[in-house]
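Whatever order the structure lists ligands and atoms in, that order sets their numbers, starting from 1.
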Amino acid sequence: MLSAPVTPHAVGAGVFVAFEGGDGAGKSTQARLLGDWVGEQGREVVLTREPGGTELGRTVRDVVLHGDHVTPRAEALLFAADRAHHVASLVRPALDRGAVVLTDRYVDSSIAYQGAARELACAEIRDLSLWATQGLLPHLTVLLDVAPKQGRARRGDVHDRLEREGEDFHDRVRRGFLDLAAADPSRYLVLDGDKPPEELHEAVVDRFRRLDQARAS
Ligand code: TYD
């Protein structure tokens, strides 16, 4: 289903971590907790998200999540446009400064939602994102895995355009994420999103520390 993994391009002294998972998986909480922890170490931390990490991105977010029907290819291009602008104007400059950049969703969300779930070709969606970002992949992706039913229950009643999709769609999203992690395990930390947030945070910090040490040596 997927093409061969791509090595991240050189990105200054910074560390780039993505948090991925289905809707309501708890990735925003984990990104924030790691951000607080990194900040306490006296390092610059940039906590951001897709779609909507930039001003242009907030406009794209509104159109793609809260507008009328968007055709699948247009949807894929809108997420890719958000990502291109986000990476060029915010993520790369921060990594070049040596910051720790934590993003709530990245390339894998496009592969899982627009590729696996909308059933566009995963390899094409991946190539589109790699073109948009000039090949920038995270050093680490934390995947919070939860059953779609569980995610839905946690989200409550407010649903955006993607969240309103049916059970099958969200099952394919979940499978898409797990397949990506299985294809390149050294770049992933897969966690059971049902566990308590503090326990998940400990596992994230532990893995982050090891990544940091490996990059320093
Ligand atoms: P998000 O703001 O992370 O919502 P939540 O906090 O509820 O998980 O993401 C918004 C929606 O956008 C989410 O349903 C997933 C979707 N999405 C894609 O379909 N493709 C993408 O490339 C990205 C970044 C997000």
Side-chain angles (χ1 to χ4, degrees), residues 2 16-35 47-54 56-67 69-87 90-91 101-133 136-138 141-177 180 191 193 197 200:
L2 302 169
F16 187 26
V17 180
F19 288 79
E20 299 276 15
D23 298 284
K27 61 199 163 35
S28 313
T29 304
Q30 289 307 319
R32 186 175 39 76
L33 289 174
L34 182 63
L47 188 58
T48 185
R49 72 168 177 178
E50 291 188 359
T54 61
L56 172 69
R58 283 185 276 284
T59 307
V60 175
R61 184 181 174 91
D62 226 37
V63 170
V64 78
L65 296 184
H66 304 296
H69 173 68
V70 181
T71 58
R73 281 169 192 266
E75 182 181 283
L77 288 165
L78 286 167
F79 282 116
D82 167 70
R83 182 162 304 128
H85 190 69
H86 184 220
V87 166
L90 192 148
V91 176
V101 180
L102 309 177
T103 185
D104 184 345
R105 296 197 184 280
Y106 193 57
V107 173
D108 288 8
S109 281
S110 285
I111 301 174
Y113 283 81
Q114 281 66 55
R118 283 266 187 259
E119 299 178 286
L120 295 172
C122 288
E124 287 178 7
I125 296 295
R126 179 189 169 88
D127 288 349
L128 178 65
S129 268
L130 290 177
W131 181 80
T133 63
L136 181 69
L137 289 178
T141 296
V142 177
L143 172 57
L144 289 148
D145 179 50
V146 288
K149 265 202 186 103
Q150 178 74 14
R152 194 174 285 263
R154 283 191 192 166
R155 274 195 324 259
D157 280 340
V158 187
H159 300 305
D160 64 40
R161 221 172 44 77
L162 280 295
E163 287 168 350
R164 284 197 298 270
E165 292 289 340
E167 194 94 3
D168 284 7
F169 180 92
H170 290 285
D171 283 340
R172 290 196 295 277
V173 167
R174 184 186 196 187
R175 195 66 264 151
F177 279 128
L180 286 165
L191 296 172
L200 294 171

Please tell me if the side chains of [X] and [Y] come closer than 4.5 Å, counting only heavy atoms from C-beta onward.
X	Y	value
Glu20	Leu144	no
Val17	Val142	yes
Arg161	Glu75	yes
Phe79	Glu50	no

Note the single closest protein heavy atom to [atom], along with its residue, its atom name and the distance in Å.
atom	answer
atom 21 (C) of ligand 1	Phe79 CD2, 3.3 Å
atom 19 (O) of ligand 1	Gln114 NE2, 2.9 Å
atom 22 (O) of ligand 1	Ser110 OG, 2.5 Å
atom 1 (P) of ligand 1	Arg105 NE, 3.5 Å

Any N/O pair [X]/ligand 1 closer than 3.5 Å:
X	result
Asp23	yes
Arg49	no
Glu50	no
Tyr106	no

Which atoms of ligand 1 sit under 4.0 Å from any heavy atom of [X]?
X	value
Arg61	2 (O)
Glu163	5 (P), 7 (O)
Ser109	20 (N), 21 (C), 22 (O), 23 (C), 24 (C)

Gap between atom [atom2] of [Y] and atom [atom1] of [X] - 0.5 Å precision:
X	Y	atom1	atom2	result
Glu165	Arg172	CD	CZ	8.5 Å
Thr141	Phe177	OG1	CZ	10.0 Å
His86	Leu136	NE2	CG	10.5 Å

Work out whether the distance between some heavy atom of Glu75 and some atom of ligand 1 is less than 4.0 Å.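 The answer is no, since Glu75 has no heavy atom less than 4.0 Å from ligand 1.
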
Side chain, backbone, both or neither: which part of [X] has a heavy atom under 4.0 Å from ligand 1?
X	answer
Asp160	side chain
Lys27	side chain
Arg161	neither
Leu65	side chain

Could you verify whether a donor N or O on one side chain and an acceptor N or O on the other, from Asp108 and Tyr113, lie under 3.5 Å apart?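 No donor-acceptor contact under 3.5 Å links the two side chains.
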
Modelled atom types, side-chain donor and acceptor of Arg49 and Thr103, under 3.5 Å: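 Absent: no donor and acceptor within the cut-off.
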
Working note: Asp23 + Arg105, criterion salt bridge (charged side-chain N to carboxylate O under 4.0 Å, His left out); need CA distance, chi angles, decisive distance, verdict. CA-CA 11 Å; Asp23 298 284; Arg105 296 197 184 280; 3.5 Å; yes

